[in-house]
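Letters A, B, ... are given to chains in the order of the sequence lines, protein chains preceding strands, and every chain is numbered from 1.
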Amino acid sequence: MDFVHHYTEEQQRFRQEVAAWLDLHLPEPVRRLGELAELDRATWVACKAFQRLLGEKGWLSPTDPVEWGGAGLTPDHALVIREELSHRGVGWLLQEKASLVRDALLRQGTEEQKQRYLPIMARGQATLWHLLIEPGVQVDPEGLGVRVSRDGDDYILDGEDRFVGQGLWPDYLWTLALADPEALPEHATATFLVPAGLEGLRISTSQELVSEEVHRVVFEHVRVPPVNLLGEEVEGWSFMQSMLTNLSGVEYPLEDNKDLSDLLEWARTTTRDGVPIGQEPFLQQLLMEAQVKSHVVRLFRIRNAWMVANGQPLTYELAQTALLEKQAALHLSLAVREVMGLYALLAPRDPRAPANGRLQRHQRLSLTQQNPSPGPEAQADAIASVLRLHEPSLQAPFMIPTPWTDATGAPRVVIAGASQGDDDAI
Amino acid sequence: MDFVHHYTEEQQRFRQEVAAWLDLHLPEPVRRLGELAELDRATWVACKAFQRLLGEKGWLSPTDPVEWGGAGLTPDHALVIREELSHRGVGWLLQEKASLVRDALLRQGTEEQKQRYLPIMARGQATLWHLLIEPGVQVDPEGLGVRVSRDGDDYILDGEDRFVGQGLWPDYLWTLALADPEALPEHATATFLVPAGLEGLRISTSQELVSEEVHRVVFEHVRVPPVNLLGEEVEGWSFMQSMLTNLSGVEYPLEDNKDLSDLLEWARTTTRDGVPIGQEPFLQQLLMEAQVKSHVVRLFRIRNAWMVANGQPLTYELAQTALLEKQAALHLSLAVREVMGLYALLAPRDPRAPANGRLQRHQRLSLTQQNPSPGPEAQADAIASVLRLHEPSLQAPFMIPTPWTDATGAPRVVIAGASQGDDDAI
Amino acid sequence: MDLALTETQVMLQNSAKEFLSAELPKHRVREIDDSETGFDRELWRKMCDLGWASIVIPEQYGGLGSGFTDMAVIFEQLGYNAYGGPLLDSAVLSAQLIAEAGSEAQKKAFLPAIAEGQQIFTVALTEPEYGWGADRVKMKATRQGDHWVLNGTKLFIPWAHIADRIIVIARTSEGRTPEDGITAFVVDRTSPGVSTRLHYGWIGDKLNEVNFSNVRVPAENVLGAVGHAWAPVEHARDRATAVLSVYMAGGAQKAYEMCRDYSTTRIAFGVPIGTFQRVQDFVIVALTEADASKWTAYEALWRLDSGQKDTAVGISMAKAVASDGFSKACDASHHVHAGIGVDLDFGLTNYTVRARTFQQYLGDSIFHKARMAKLMNL
Amino acid sequence: MDLALTETQVMLQNSAKEFLSAELPKHRVREIDDSETGFDRELWRKMCDLGWASIVIPEQYGGLGSGFTDMAVIFEQLGYNAYGGPLLDSAVLSAQLIAEAGSEAQKKAFLPAIAEGQQIFTVALTEPEYGWGADRVKMKATRQGDHWVLNGTKLFIPWAHIADRIIVIARTSEGRTPEDGITAFVVDRTSPGVSTRLHYGWIGDKLNEVNFSNVRVPAENVLGAVGHAWAPVEHARDRATAVLSVYMAGGAQKAYEMCRDYSTTRIAFGVPIGTFQRVQDFVIVALTEADASKWTAYEALWRLDSGQKDTAVGISMAKAVASDGFSKACDASHHVHAGIGVDLDFGLTNYTVRARTFQQYLGDSIFHKARMAKLMNL
C-alpha cells in the first residue's frame, strides 16, 4: 500500500511552471479574497479575467482535448494545477461543478451545442450556475421549481429554484424543467442551458445563512430558443443522471481541513492562566475527535479516487463519504463552540474574531451543508439502496441507482403514453 | 409545582408497619440475593414462600378489592409498599408485569376465570411468565412463535417463543397464539393462560447475554382445555392491547439508578496517583452526562405518572421515556467502560470486581434491554405514529395507537370472513 | 407531587402568549435583530407595562415579590418567540445581585427603577480570557481615596450598549482562592472612560466589548462588601441561569413544533416527509430535547422557589441540558427543513442563532457539568 | 498512491480465509472461549505451522522478516472470525520488544521459539492502578546480587496462564519522568513465586491476574538497559496496536455483514426489515465504522512499514477509531438483530465481547486521543 501520490520529475517541473505562472498572473485582489461573501464587483471582474487567462492556457479543463479548449494533459498534470491553485486559496476558480455540465455536454450534446458551449466554458468565458441537486441523492420531480411549456419552436420557463454558482451574475443557468406535473415522475423533464441575459430572469435576494454560492432564481415567462435545450425534450433525467454519476470529479483530496487546523492552532496559542486551551483534557478529546473525523473523510476520499482511477466499481462509497462529511461538519461546529466559547460566533469585521472569522462562517456553513432537499440524510437512502437492504436476492455492485437508472447504471427514460428504453426495468 | 411526593401521617405510620413486618418476615437468603442469575432452587422456594406471605397480607395487589385477594388500599399505600420492598432490593417480588395480566383478567375474563385465577395470583400462589412483548410497540403477528389449532373442545399449541418471568419454572404461561397464519394480521389470535405443568411444554436452555428473566419456551402439541382461553377465541389482540395500554403500571419512579450510583461511588473512591478518577476532566464530563440522562428519564417518569394520576391523556410520553431509557442504558454502558477500563468487565466471582460485578452485568443488560423485537427503536415508530407525522390533518392526542386500536384506543377486531366491532375504523 | 402551573402562572402564560403573538411575529424579530441597536424601546416599554421586569423583585422595592417559576413562565414564551431583550440581564441577573449584595440605599435606588423598566442594568463578568468561573475575573479595580478606579476590558457583555448602568465584576485583591477578592461595582454607562462596542457576528443577543479606561467609581457604588462579591454573583447567576434555561426550553419547543408541522405538510415523493423514519427520528430528537430542557428547568426552579437542598446542582443540570438541547433541537429541525430552514425569512434561524449563543451564555454544558461534579463531591 | 494489497498479501489473505473458515466456525469459537483455558493447542499449532507467528520476526532469528501490513492481513481475518489467541501478544508485542531491546543472545534464545510457536510469550504491563501510560507502572524490582527480585501484582494480562514466559515491566528506580526507571524482565511463568489466576467476567480474551512474590530473575534476563525499557515498550506496543486495530476492523466488518444480511432476510410486517430507514441507518453505521477502522489502520501500517513521519500519531488514531468503531458497529448490529442478537449461539456476541475488551486493550480511545494531542503539540 501507499497513501501518497508520487510525481514524476517531468510533473515536478510542470508544477514549477504552474507556480511561476500563478505568481505572475494571479491578481492581488483575488489572492486576498477571504470570503466569497465579500466579493464586490471589482474583485469579481478580476476573478473572471483571471479565469479567462487560465482558460487560455487550457488549465480550466486540462485533460480535455485541445480542440474543445482543453490542454490535453494527463490527470496527474491536472492534479498539479488543482494543488497549486488550492495552495493559494483559489481552487474554487476551477469551477469544478460546472465541469460536470461540460462533461455531460461532451457526451450527450449535439455537435452544434458542443461547438457553441464547450470552447467558451473551457476558456473561462462563461460563468455557469447550476440547479442545486446533490450527487447520489434521489430527486423528487415534483419538488422541481421550474416548469416548461412550448410556444411555437421556443420554450417558456416559469417558476423559481435554487442555483449554485460563483459571482454576482452568471452567463448561463443549467436547469431541469418539468414539462408535465400530472405525468409520472420520470416523464417529460427537459434540461436547458439558459443564457442569463434573457428577459424575465430575476435573481432574487432572499437571504440565507450562507448566501455566497446559493442563489434563488426566478423565471418569469422566460422565452428560451430551441438551441438551449440539451439533448432531447424528455432527456432531462437522463442528462442529469449522466452528470450525477460522472466520476471524473472524484479526485484525490488536496488541502487539509482549514477550519479544523484554524481551530487547532487557536487552541495551541490561546491560553487560560498560561495553559493552552488545547491542553484542557475534555476539549483536547473533542479536538482530537474532530481531527479523527476529518482524517477519516480524507481517507474515504482517497479510497474513492483510487477506486475510480483503478477502474473499480463504486457502490456505496461516494454517498458514505458525503454523509460522513456532513456529520463531521456538524460535529466540528459543536467543537468550535465548545472550545472557543462565544469567540466562535465573531465575524471577520469584529477585531476580536479568531482566524479572521472563518470559524464563525463554519458555524453557519455546517448547517447549509446539510442536505439541501427535504428528507434528511438522503445519502443514507442512497447507501441503503445500493446495499439493497430491502431486496434479499441481489448483492451485485453497481453504480449509484436512483429510480431513474437501472441496475447497470443506464438511464431509464419513459415518456407518457409511449415506451422507450428498457420498459421491463421499471 | 412540586416534584416530591408528600405522605399523610397515617401513611407514614403505615410505612413503619410495613417496614417492621418486612424486617420480621423477609427471609435472609432472599435479602442477600444479588443477581437473579444466582437464584438456586432453595432460594427460589424461599422467594415463593415470601411472595405468598405478601399475598396473604393483600400486598401483592394492594389496591384490588379484598374479594379478589387485594387489600383495598389507596395508591399511596401501594407506593409505600413498593418503596419499602425496593429499598430492600426485592421490589421485583411484586411481579408487577404479571399484575398487568391480572388487570386484564379483571376487565375481560369470564366470571369463572376471575374466580379461578385472580385469587391465586393475588395471593402469590401462582408464578406467571408472559410472552415477551414491549408496551407501545407494534407487534408483527407473523412474528409470533406459538400457533394454535382446535382439536375437539381443546386447543393444541405448537411452536416456540420467548417469555419473561421470575424463577426456574412458572405456574402459568400467558401467551398469544396465532390461529391462522394465512389470514390478515389482525385475525384469529387467541390468548391463553397455560398451566405450565401440561405435557409437551419444555423450557429450552438457549443461553443469552443476560438469561435470568427471559426464557425460551417450546410448545410441542400442548393440549390446553377451553377454560384456559382468555376472552373469546379471536380476542387475542384485544386482550393484549388491553394489557399494553393499561396505565396502572405507570407509577412514580422509586430508586435512583443503582448502576450509575455504583459507578459514581467507584469514581469517587478509586484513585490514580492519589487523585480520584472522578476528577479527571474528561471522565467527569462523561459521568455527569450519564447523571443528566438518568435524571431526565426520572423526570419523564414523574411526568408520566403525574399525568396518569391527574387523568391527563398520554400520547407520546411512554414511548419517549422507554426510548430514552434504552439510549441512556447504552450511554451508561460506554461510560462504565471508559471510566473503569477493563475493571468494567469483571464478574462477581472475580475478587477484583468493583461493585460486586453489577456494572459488568450492566454491560450485558444494556444490550438485552434494547428492543427485543426486530426493527430497532420501535418506540420511535410509536412516537411518530402518535404525533401523526405522516398525516397532515390530525393532531388530537390519543392513546398509543397501533394498527389494532383505533384513534380512541378501542381495540379493532376483525375475524376472517365475518365482521365484528367497528369495521369502518379499519 | 404537582406538575401543574398555578392559576396565576396560567394567567401570566396566557397574557404572555397573547402579547407576544401580537407584538413579535417572526419578521418583527428579524427586524429588531437587524436594527442598529437590536433594541426596540417601545416594545420594552410595553413589556415593562405588563410588569414583566418586576416579577422577582421584592415588594418593598417596587416589585411583585413572586417566585422564579412565575418569571420563567414568561421566559418560556419569550424563548418560544425568540426574543428576550435585556429582560434577563436587567430584571433577573442585575436585580438579584443588587437584592442579594446591595445596601438598603442601593436597593431603594436601583430596584424600583429596574422593576418599572425605567433603567436597564447589565452585568459585566466575562473578559478576553473568556470563561464563567471566578478564576476568569482578572480586570483590576484599585482604590484611590473615596473612589475606585477601573481599568480593563470586558467581552461579550449583553445589552451594555443600551444599558443605563453596568455592574462590573472586578478584582480588588488577590486572595487564597479565585473567589476571594472579587468586588462588584455599579457603573454608569455614560461615565468618562467607559466605551462600548457591539460585537459583530452570528450572535443571537446583543453582546458588547466594554472598555474601562481610568473609570472612577464612587465607593458608595460598591455592591456589598469589598472582595466578597463572588458568592452573591454566583447566587444571582444561578437564578438567571434557571430562568434562561426555561427560555431555551421554549425555543427548543418552537424548533420542535416547526419541524413537526413541516414534516406533515411538506410533500416529497408523493407523501408527507413525516412518513419517512429518518425524518421522524429528527422530529423525535427535537421533541425530547425540548421536553428534557423544560422539565429539568422547571424542577430547578421548584428547588429554587421552595428552598430545597441541591438547588445549585439542579440549576447547573438544567443549563447543561438546555445548552445541549436547544442547539440539538435546532440542528434536528434544520435536518427536517433542509434548504428552506436556512432561509433567513423562514424563521428557524432566529432560534438557531440564539441556541448557539445561549449555549454559551452564563456557562456552557461543560462548565455546568464540571460544577455539578464538584457539588456532587466527585 | 496504491491501496491494493500486494500479491503476497492476497495469498496470505486467501490462505487465512480458507484456514479460518474451516477451523473456526462460530460454534468452535464459543467452545474454545468456554473451555477452561480458552486455548486450543492444536489450533495454535496449525496456525504456527502456517507461519503466522513468524511473519514480522527478522529472518536471522527464524522469522520471515516481512512487514506489519502482511501480518495485519492475517489479523483482519482473525478479527473477522473473532479469535486471535495469544498470537498478538506473543508474536507481535513480545517479539517486537525482544527484537528492539534484547541482546543478541536473547534474540537468538527467544525469537526463533516464538516464530515457530514453540514458546508463547506475553507482556505484563497493567496493574491495579490500571492504565497504559508509563506513570501506571508501580511494581518494583530490586537488585540482589546477580538477581533481581520482583514483588507485586499485574492485572489483565492476556494469556499469562498458558504463556511460557512473561515479560514483566517493572520499576527499578524513580526517575525525573514516569518514563525513567522502567525495566523489562523475561520471567519464566513456572518460576517460584509467580502465580496466575484467570479473570472472571464478560471478557473477550483470556486475561489474568499475575502475582509476583519474591520472584528471583537472573540479571541476564533483563531486556535492554536497566531503567530504559519504556521507549522499546512503547515502540513494541505501537506495532501491536496497529495490528490489533486491523483485527478490530475485521471484527467490525463481520458485525456489519451480519446485520446487513439479517436485514435482508428477516421479514417483519411482510417486508425485509432492511426496508425500514431506522434499520438501514444502523447498518450504515456499522459499515462506516468498519470502513473507518480498516482504512485508518492500514494507513498506520503503511506509515510503519514505509518509515513515514507521524507513525505514532497514525497508530494512535487507528486505535482510537477501532476502539470506538468496533463497539459501535456491534451496538448497531445488535439493534438490527434485536432479540436474536443476544442469543449466545447466534454468534454476534462473540464479536461484542471482543469489541468491549479490545476497546480497552493497549489503550482506549481516550488514551490514544490524548497521545495524538501530545504528538500534535496541542
Side-chain angles (χ1 to χ4, degrees), chain B residues 1-6 79 252 264-265 267-268 276-289 291-293 295-300 302-303 305-307 309-310 312 316-317 319-321 323-324 327 375-377 379-385 387-395, chain C residues 1-6 9 67 69 259-261 263-267 271-277 279-281 283-285 287-289 291-296 298-303 305-306 308 313-314 316-318 320-321 324-325 336 365-366 368-374 376-378:
Chain B
M1 290 193 180
D2 190 349
F3 285 75
V4 284
H5 200 83
H6 300 277
L79 188 59
Y252 291 111
L264 291 174
E265 191 52 28
R268 270 187 203 103
I277 282 183
Q279 288 181 15
E280 197 289 322
F282 183 80
L283 300 180
Q284 190 174 78
Q285 292 282 321
L286 256 185
L287 289 166
M288 288 302 101
E289 183 61 28
Q291 169 74 14
V292 164
K293 284 188 196 298
H295 193 75
V296 169
V297 167
R298 187 181 167 81
L299 284 173
F300 280 6
I302 289 175
R303 171 198 64 186
W306 181 80
M307 287 174 76
N310 288 271
Q312 294 194 18
Y316 63 83
E317 289 83 0
Q320 177 193 49
T321 309
L323 181 61
L324 194 67
Q327 290 166 350
E377 314 297 20
Q379 272 85 10
D381 271 329
I383 300 172
S385 160
L387 294 178
R388 305 225 151 181
L389 298 183
H390 56 295
E391 289 180 30
S393 52
L394 276 160
Q395 288 292 347
Chain C
M1 197 76 79
D2 181 13
L3 304 191
L5 297 178
T6 63
Q9 287 161 355
T69 310
C259 68
R260 180 200 62 198
D261 294 348
S263 78
T264 65
T265 52
R266 176 69 162 99
I267 307 295
V271 292
I273 58 170
T275 308
F276 303 121
Q277 292 185 330
V279 175
Q280 294 173 0
D281 280 351
V283 176
I284 291 169
V285 165
L287 167 64
T288 298
E289 294 297 340
D291 281 355
S293 301
K294 174 176 161 179
W295 290 110
T296 48
Y298 274 113
E299 190 197 28
L301 288 157
W302 161 74
R303 287 185 186 279
D305 283 336
S306 63
Q308 303 289 313
V313 72
S316 275
M317 183 185 289
V321 170
D324 291 342
V336 174
S365 163
I366 300 171
H368 282 288
K369 282 187 196 142
R371 187 163 177 255
M372 279 173 68
K374 203 172 169 191
M376 290 171 70
N377 298 314
L378 209 67

#### Entry: Result of checking B/Asp2, B/Ile302, B/Val4 against C/Met1 for side chain to side chain contact (heavy atoms under 4.5 Å, CB included)
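Exactly one option meets the side chain to side chain contact (heavy atoms under 4.5 Å, CB included) with C/Met1, and it is B/Ile302.
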### Message
Among B/Met307, B/His6, B/Glu289, B/Gln279, which residue has the highest count of heavy-atom pairs closer than 4.5 Å to chain C?
### Response
B/Glu289
### Task
Under 4.5 Å, counting heavy-atom pairs only, tell me which of B/Val292, B/Leu299, B/Val296 racks up the most with chain C.
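Max contact count across the listed options: B/Leu299.
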### Query
What residues, two or more places apart in sequence or in another chain, satisfy side-chain hydrogen bond (donor to acceptor under 3.5 Å, both in side chains) together with B/Arg298?
none
Of the backbone (N, CA, C, O) and the side chain (C-beta and beyond), which part of [X] lies under 4.5 Å from a heavy atom of chain C, both, or neither?
{"X": "B/Ile277", "answer": "neither"}
{"X": "B/Leu264", "answer": "both"}
{"X": "B/Gln312", "answer": "neither"}

### Message
For a quick test of reading the model, state the closest non-hydrogen atom pair linking C/Asp291 to B/Tyr316 and the distance between them.
### Response
OD2-OH, 2.7 Å
### Query
Closest heavy-atom contact between B/Gln285 and C/Ala370?
NE2-N, 3.6 Å
Contact part of [X] toward chain B, heavy-atom cut-off under 4.5 Å: side chain, backbone, both or neither?
{"X": "C/Ile284", "answer": "side chain"}
{"X": "C/Trp302", "answer": "side chain"}
{"X": "C/Ser263", "answer": "both"}

### Task
Before giving the answer on side-chain contact (heavy atoms from CB on, under 4.5 Å), spell out for C/His368 and B/Met288 the whole-Å C-alpha distance, their side-chain angles and the decisive distance to 0.1 Å.
CA-CA 9 Å; C/His368 282 288; B/Met288 288 302 101; over 6 Å; no
#### Entry: B/Glu280: partners by side-chain contact (heavy atoms from CB on, under 4.5 Å), with sequence neighbours left out
A/Pro281, B/Phe282, B/Leu283
### Message
Measuring from atom CD of C/Glu299 to atom CZ of B/Arg303, what distance do you get when rounded to the nearest 0.5 angstrom?
### Response
13.5 Å
Considering only heavy atoms from C-beta outward, does the side chain of [X] approach that of [Y] to under 4.5 Å?
{"X": "B/Leu389", "Y": "C/Val279", "value": "no"}
{"X": "C/Leu378", "Y": "B/Arg268", "value": "yes"}
{"X": "C/Thr264", "Y": "B/Arg388", "value": "no"}
{"X": "B/Phe300", "Y": "C/Thr288", "value": "yes"}
{"X": "B/Leu387", "Y": "C/Leu287", "value": "yes"}
{"X": "B/Met1", "Y": "C/Leu5", "value": "yes"}
{"X": "C/Met317", "Y": "B/Gln291", "value": "yes"}

### Task
Begin with the C-alpha distance, continue with both residues' side-chain angles, and end with the deciding distance and a verdict on side-chain contact (heavy atoms from CB on, under 4.5 Å) for B/Asp381 and C/Gln280.
CA-CA 8 Å; B/Asp381 271 329; C/Gln280 294 173 0; 4.2 Å; yes
### Message
Heavy-atom pairs under 4.5 Å with chain B - which of C/Val271, C/Asn377, C/Leu301 has more of them than the others?
### Response
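Top count of heavy-atom pairs under 4.5 Å with chain B: C/Asn377.
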